[in-house]
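Note that the structure is predicted; figures quoted are calculated from it, not measured. Chain identifiers are assigned alphabetically (A, B, ...) following the order of the sequence lines, protein sequences preceding nucleic acid strands; residue numbering begins at 1 within each chain.
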Protein chains: 2
Amino acid sequence: MVTAKARTNEPRYAQVAADLRAAIAAGDFGEGAQLPTESTLCDRYGVSRFTVREALRRLQSEGLIRRRRGSGTVVDTIGQVLRQPLSDVAELLQYAAGSVFNFDVLGPMVMGEAQAALLGAAPGSRWAHLSGIRTLSPGGPPVAVTDVYINADLAGHIPALQPGSQTLFEQLSASAGFQIGRIDQDIRAIAAGSREAAALAISRRAPVLQIVRVYRDASGRIVEISVSAHAGDRFAYSMHIDHG
Amino acid sequence: MVTAKARTNEPRYAQVAADLRAAIAAGDFGEGAQLPTESTLCDRYGVSRFTVREALRRLQSEGLIRRRRGSGTVVDTIGQVLRQPLSDVAELLQYAAGSVFNFDVLGPMVMGEAQAALLGAAPGSRWAHLSGIRTLSPGGPPVAVTDVYINADLAGHIPALQPGSQTLFEQLSASAGFQIGRIDQDIRAIAAGSREAAALAISRRAPVLQIVRVYRDASGRIVEISVSAHAGDRFAYSMHIDHG
DNA sequence: GTCCGCAATATGTCCGGACAAATTGACGGG
DNA sequence: CCCGTCAATTTGTCCGGACATATTGCGGAC
């Protein structure tokens, strides 16, 4: 038993995972980067194979290790390179920086059937509807037109929202004091409708990139939904995954 | 027992997951989209709780369902398009769950001026050209058409490439033994050309989602470039991030 | 020396059981 | 009617065991 772990109420697999994570970072597994077998880890930490596998599953989902039946578990260098960007929520919101967002508050609304199915919200739920346009610089050509739906419970915080480079969600989080639980983002290609065509100065049926984001707090409640339409020839969603 | 499963050597949790995935897409869980409890699913499929939980774990990692202790499991999805999951970094290099990728090797080619500008490669550089189609199931409707360009230096490893659960890039990395330095990914909306229209069975000028990925090794050499075109109404690029 | 086959090894799949912790709704007291 | 308590429900954690399947290396046949 190497554990030496305190009596935290953290699950045991999390403690094992943390210990292995530190060992990997310290290079304790040497050149081949071969980890001990599951049964060895069971003995070492004094836990069952279930707990060891759950810990290894976490590390694998983080991209730290690679496992192969019959062969063993090794440190995965590819995963280390990719780890940082996707574990950082700020990275997801990164594209907002450097552009300017101006919006109008359109007032309260109730989610209809079709809209609810598209956005993943409950039909009949109540929201505050905002509409805005994002530009690269003040007065510049429009890059995207965005509809924002904010949970009616948070309507009191809407007057405090300010246009600028900070996202509405960041302002809401700070103002209302909730904790972020999960962000879902869907990107698809659709044909421009009349609204997008007019706002972006493109022709109808032109391809636009639609980004739907659903923000949830820690309890799973949907805090905000945003639907952005970007002109296909003026915008590319770009992810750069760097080493170092 | 609802299984009706065949004598496939597919794991049971995968069969359960596939069945639940289809049921979710068909809307079998009604208004609240509340799934049966784990023990109910155990009885229904005649499997242990381990198998049910493994199946639900897959669906959760795909972003299809949301689970809360004490509360239950609910459908958490928008529409029934194929979603490329990005819940963790390991999945960035994985194929979309439940889809099939087949490709042909078209032979060597030299990068032209216009293409080089679009893809970020050097004009006049030499590549091996592969072309593939991704479907939801063998013989099913096409979801995406993909062009892959592999550095001519690695042409010797191409005959060993196989369609299956691993990406071409993963196979190349293991076969040639290089380390990844950087991945760039651009996502944009474009209008379908004649090639995409024919391959995806859609009309010309229909919106398609184009994903361009550039893989570099540690020394900065471009190893592989892939250009995928996804039918706008059949595919959404989806990512979700659990925070804590 | 080379190649084939086998056995040892390691992870994957699956079972049954047990208890813990969070949620929800019903019940009862104020 | 409001609110706190409690019990039932449901998912999370954890155990021990069993067999399946992919990989690897060893030794024997040639």
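Without hydrogens or angle criteria, B:Q15 side chain to B:E10 main chain gives a donor-acceptor distance under 3.5 Å.
Phosphate proximity of D:dT11 to B:T73: present, with a side-chain N or O under 4.0 Å from OP1 or OP2. Remark: B:R12 is in phosphate contact with C:dC15, judged by side-chain N or O atoms under 4.0 Å from OP1 or OP2. Put simply, A:T51 has a side-chain N or O that comes within less than 4.0 Å of OP1 or OP2 on D:dC15. Between A:R67 and the phosphate of C:dA10, there is no side-chain N or O to OP1/OP2 separation shorter than 4.0 Å.
Nearer the 5' end of DNA chain D, as judged by each residue's closest nucleotide, is the contact made by A:S48, out of A:S48 and A:G70. For the pair A:R68 and A:Y13, nearest-nucleotide mapping onto DNA chain D gives the more 5' position to A:Y13.
Within the model, atoms OH of B:Y215 and CG of B:N151 stand 15.0 Å from one another, a figure rounded to the nearest 0.5 Å.
Of the candidates D:dG12, C:dG12, C:dC14, the closest approach to any side-chain atom of B:R53 belongs to D:dG12. Distances were taken from every side-chain heavy atom of B:F50 (C-beta onward) to each of D:dT11, C:dC15, D:dT24; the shortest belongs to C:dC15.
In this structure the side chain of A:M109 reaches within 4.5 angstrom of the side chain of A:Y149, judged on heavy atoms.
Considering B:V47, B:D19, B:L20, B:V16 as possible partners of B:L41, the one that fulfils the side-chain contact (heavy atoms from CB on, under 4.5 Å) test is B:L20.
One can find a donor-acceptor pair under 3.5 Å joining the base of C:dG12 and the side-chain atoms of A:R49.
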